[in-house]
There are 2 protein chains.
Amino acid sequence: MTEKKNIAIMGAGLVGSLLSLYLAKRGHKVDLYERRPDLRKTLIDGGRSINLALSDRGWRALRGIGVEEAVRQVAIPMHGRMMHDEQGNLTFQPYGKEGQSIYSVSRSGLNAALMNVSEPNPNITYHFSRQATDVYLPTNEVQLRNLETGSMETVQPDLLFGADGAFSVVRGAMQKTERFNYEQSFLEYGYKELSIPATAEGGWAIEKNALHIWPRGKFMMIALPNIDGSFTCTLFFPYEGEQSFAAIKNEGDLLAFFQEVFPDALPLMPTLAQDYFTNPIGTLVTVKCFPWSYGGKALLIGDACHAVVPFYGQGMNAGFEDITVLDQMLDTFDGNWEALFKAFERRRKPDADAIADLAVMNFIEMRDKVADPRFLLRKKIEARISAQYPDVWLPLYSMVTFTDLPYSYALGTGQMQDEIMQKVMKHIQRIEDYDKPEVQQLLERQLIQKGKLKKYSAETKV
Amino acid sequence: MTEKKNIAIMGAGLVGSLLSLYLAKRGHKVDLYERRPDLRKTLIDGGRSINLALSDRGWRALRGIGVEEAVRQVAIPMHGRMMHDEQGNLTFQPYGKEGQSIYSVSRSGLNAALMNVSEPNPNITYHFSRQATDVYLPTNEVQLRNLETGSMETVQPDLLFGADGAFSVVRGAMQKTERFNYEQSFLEYGYKELSIPATAEGGWAIEKNALHIWPRGKFMMIALPNIDGSFTCTLFFPYEGEQSFAAIKNEGDLLAFFQEVFPDALPLMPTLAQDYFTNPIGTLVTVKCFPWSYGGKALLIGDACHAVVPFYGQGMNAGFEDITVLDQMLDTFDGNWEALFKAFERRRKPDADAIADLAVMNFIEMRDKVADPRFLLRKKIEARISAQYPDVWLPLYSMVTFTDLPYSYALGTGQMQDEIMQKVMKHIQRIEDYDKPEVQQLLERQLIQKGKLKKYSAETKV
């Protein structure tokens with residue numbers, strides 16, 4: 001039986017809160033230190049993206065600790081993308097097969113739910129308004145400032161988990177150690193949170209069970225449904241240029257711009273100008289680093305070691321999957337934390353890199369390609385292939401969203417699929433062309449004879 | 001006429017010292033602040049790679065300010081690579097055409113020469129033993145600690161240049177600004193400096209005019225000649241593994257290892273054990289970042305914004321080329337420093353990225369491929385192609401080392417050449433096969449019909 005440890009988790013966000021449940025279940029004593037006040041007792045800070053798309057990897061981690069049902073109450077299924085063109089015409093594109101959906105959840109609602117489940121656990125203690133000001137890794141000492149009283153305290157846990165997000169203080173300490181590989185890269189885009197309120201009747205002003213996209217080539221807006229009937233909209237927009245944050249200087253500019261590019265959304269957004277000029281511009285950063293651990297004492301997890309841009313809806317899901325994988329490995333590496341941490345970081349790093357790259361790639365798809373008829377035709381052809389060869393062809397989006405195949409496997413397989421699709425699409429002008437003998441022969445040759453994409457099976461699972 | 005500025009350069013290394021000459025020539029007042037004491041008055045710190053390969057880009061920058069001849073006195077031409085195999089057999093591979101060489105120079109000797117040339121200039125002032133402890137970019141204030149007296153001072157130049165190397169303090173300040181892209185990545189290899197002393201007669205124990213390489217697949221040693229008859233050797237070695245720094249624990253391990261893998265070098269290295277166990281292990285880091293400037297006030301240059309691993313011998317040359325390019329652009333952007341800095345960073349960034357990637361790629365070539373007969377045959381075939389098609393085919397190494405074609409152009413062209421070489425080499429077992437009609441036809445098709453590699457000309461120059 002493993003020795004029980006005193007564990008400190010820096011950050012009581014989604015990953016920290018869920019991780020505390022998994023660790024406490026094994027009998028460890030867990031203290032969570034969170035810079036912000038208790039979000040259940042204070043007003044939610046607006047203007048920072050508070051809607052998330054929960055998909056299979058996230059559900060799996062919630063199910064693993066028995067909190068799936070509690071979350072399902074506040075999650076809205078989105079069956080596909082609803083594209084809005086510049087004339088307000090709609091096109092719907094399902095995310096997967098019948099019955100497959102991603103789920104819109106509120107970040108703060110989910111976080112509060114996880115806190116409510118974990119806080120009564122006698123092994124779990126939350127400490128709010130505690131800012132980590134310094135981490136000294138050789139002794140695992142963390143200096144904390146109590147932001148309410150101003151007093152300082154030092155804690156020295158047996159194990160330290162850095163679940164403190166993209167701008168992690170624990171990672172900051174690791175960055176000062178020898179030979180720490182680190183990368184932060186920002187898109188030339190920022191985001192601004194906007195809103196479509198509920199209708200007068202308390203319903204949803206546009207289709208409830210969809211993720212709405214207004215793709216416009218060089219920029220886009222999306223909207224995710226909330227349980228109160230409103231939608232949280234996010235405008236992804238260049239910082240500089242002809243159509244950019246820099247170009248919109250006043251309410252006149254803003255309304256003219258929305259009238260031109262989002263004419264069907266504008267009448268639904270009565271608080272547009274207030275939202276736009278009040279809410280901050282969020283940055284879009286990818287963080288990669290290695291290693292993720294320091295000795296057998298400290299481990300980064302979630303955004304702290306692999307922050308990704310939001311365009312695949314996988315940031316939280318990847319962080320939750322970290323916990324699933326760590327929990328599995330805890331069975332194997334019982335009590336040997338150093339070996340566990342090293343094995344965990346080696347195992348997860350390729351998948352974290354893959355989802356980071358996929359997320360950047362999906363931005364281009366969302367803002368640009370989904371409005372392209374040729375791209376939509378390709379998606380339909382791919383659905384035909386997948387229906388005909390269900391054992392060897394699962395679309396990339398489905399692999400990422402509806403399976404627990406490793407992200408790195410999904411990325412690699414997606415690249416092979418892309419090569420095949422490029423060849424196939426040369427012969428295709430209309431959906432019916434799929435049945436042409438030369439297309440069928442080409443596909444068979446590619447899939448069967450070349451032996452590509454032969455198997456995705458249990459052995460490739462996360 | 002440009003307004004004369006008070007300019008502070010952080011770092012009086014090679015790039016800082018040379019930059020001071022270029023700026024002072026335009027009438028600006030330049031202060032250099034260097035953490036270390038004056039290297040002309042103190043013992044050289046041993047154990048950190050002090051030999052550099054100066055090539056065309058570096059010479060061009062030295063020539064541009066009239067210090068070429070002074071440096072030529074202390075530079076030893078190296079006409080090619082001398083490979084030492086495990087039986088001590090030698091193979092020589094020229095770097096370029098007849099008369100083309102790279103030059104071994106001592107870092108400290110070159111630095112002292114640049115200081116000696118610049119210090120008498122009334123517009124240039126060196127301040128040694130000054131450690132920058134803080135840089136506040138909005139006001140361009142730099143706090144400096146005088147390491148001799150312990151006293152602090154603050155300077156506030158009109159313009160601040162960060163020539164303070166791979167671990168730049170100026171860059172550190174930029175890292176704290178919004179949306180700063182940054183990457184540091186370490187090889188799993190370190191380096192250790194060793195030595196082959198001059199012979200009793202004061203001559204060179206091995207061929208003077210060559211860069212010596214002992215390539216051993218997973219590791220290698222190199223040696224560069226010094227003017228006193230000695231060679232500075234550098235062992236590039238994994239940190240961990242069967243053959244690694246970790247595996248050599250004592251003098252017995254060391255001597256047995258050298259006897260096995262470097263048998264011809266061992267007798268020439270009487271201070272081997274002392275050097276090995278005294279000198280530190282150096283890290284091998286690549287640094288990439290963007291932007292390189294802050295407003296029109298501060299600019300990074302050289303290693304501070306693009307530190308590269310040493311395997312292409314281009315780190316100093318790239319830093320010197322920064323100065324050449326900046327000086328050219330100063331003519332255009334007379335007095336508009338903000339526009340200059342922005343244009344400079346946009347212009348240089350792709351080339352800095354390219355040489356960083358080329359340097360990592362060349363490590364594999366040096367430690368592994370140069371010992372491969374197939375690789376050597378390929379080099380000879382490439383020389384034949386280059387001789388036959390001199391206008392369209394300049395080998396990658398030559399583009400990087402013996403021209404001022406942009407590094408990014410060299411990298412891209414090198415990749416196209418690589419594709420062609422892979423096709424050509426399928427038909428080649430011996431050098432004579434080059435004259436076969438099918439090889440000649442293949443080449444002609446690739447080069448002429450496909451129009452690849454059509455021109456490298458003035459328009460592509462740095």
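Being a predicted model, the structure only gives us computed values, none of them experimental. Note on naming: letters A, B, ... go to the chains in the order of the sequence lines (proteins, then strands), and numbering restarts at 1 for each one.
With contacts defined as side-chain heavy-atom distances shorter than 4.5 Å, the pair B:Pro291/B:Phe180 qualifies.
Taking A:Phe167 as the reference, nothing meets the ring pair (Phe, Tyr, Trp, His ring centres under 6.0 Å) condition, with sequence neighbours excluded. The side chain to side chain contact (heavy atoms under 4.5 Å, CB included) search around A:Val142 returns A:Met10, A:Ala132, A:Val135, A:Leu144, A:Val155, A:Leu160, not counting sequence neighbours. For the ring pair (Phe, Tyr, Trp, His ring centres under 6.0 Å) test, residues two or more places apart in sequence or in another chain that qualify with B:Phe311 are B:Phe236, B:Phe363.
Relative ring orientation between B:Phe237 and B:Phe257 is described as tilted, the plane-to-plane angle lying within the 30° to 60° band.
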Chain B and chain A: which donor-acceptor pairs fall below 3.5 Å?
from: B:Phe180; atom 1: O; to: A:Gln184; atom 2: NE2; distance (Å): 2.8
from: B:Asn181; atom 1: OD1; to: A:Phe186; atom 2: N; distance (Å): 2.4
from: B:Tyr182; atom 1: N; to: A:Gln184; atom 2: O; distance (Å): 2.8
from: B:Tyr182; atom 1: O; to: A:Gln184; atom 2: N; distance (Å): 2.7
from: B:Gln184; atom 1: N; to: A:Tyr182; atom 2: O; distance (Å): 2.7
from: B:Gln184; atom 1: O; to: A:Tyr182; atom 2: N; distance (Å): 2.9
from: B:Gln184; atom 1: NE2; to: A:Phe180; atom 2: O; distance (Å): 2.8
from: B:Phe186; atom 1: N; to: A:Asn181; atom 2: OD1; distance (Å): 2.4

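Nearest heavy-atom pair, B:Val285 versus B:Ala166, reported as atom, atom and distance to 0.1 Å: CG1-CB, 4.4 Å.
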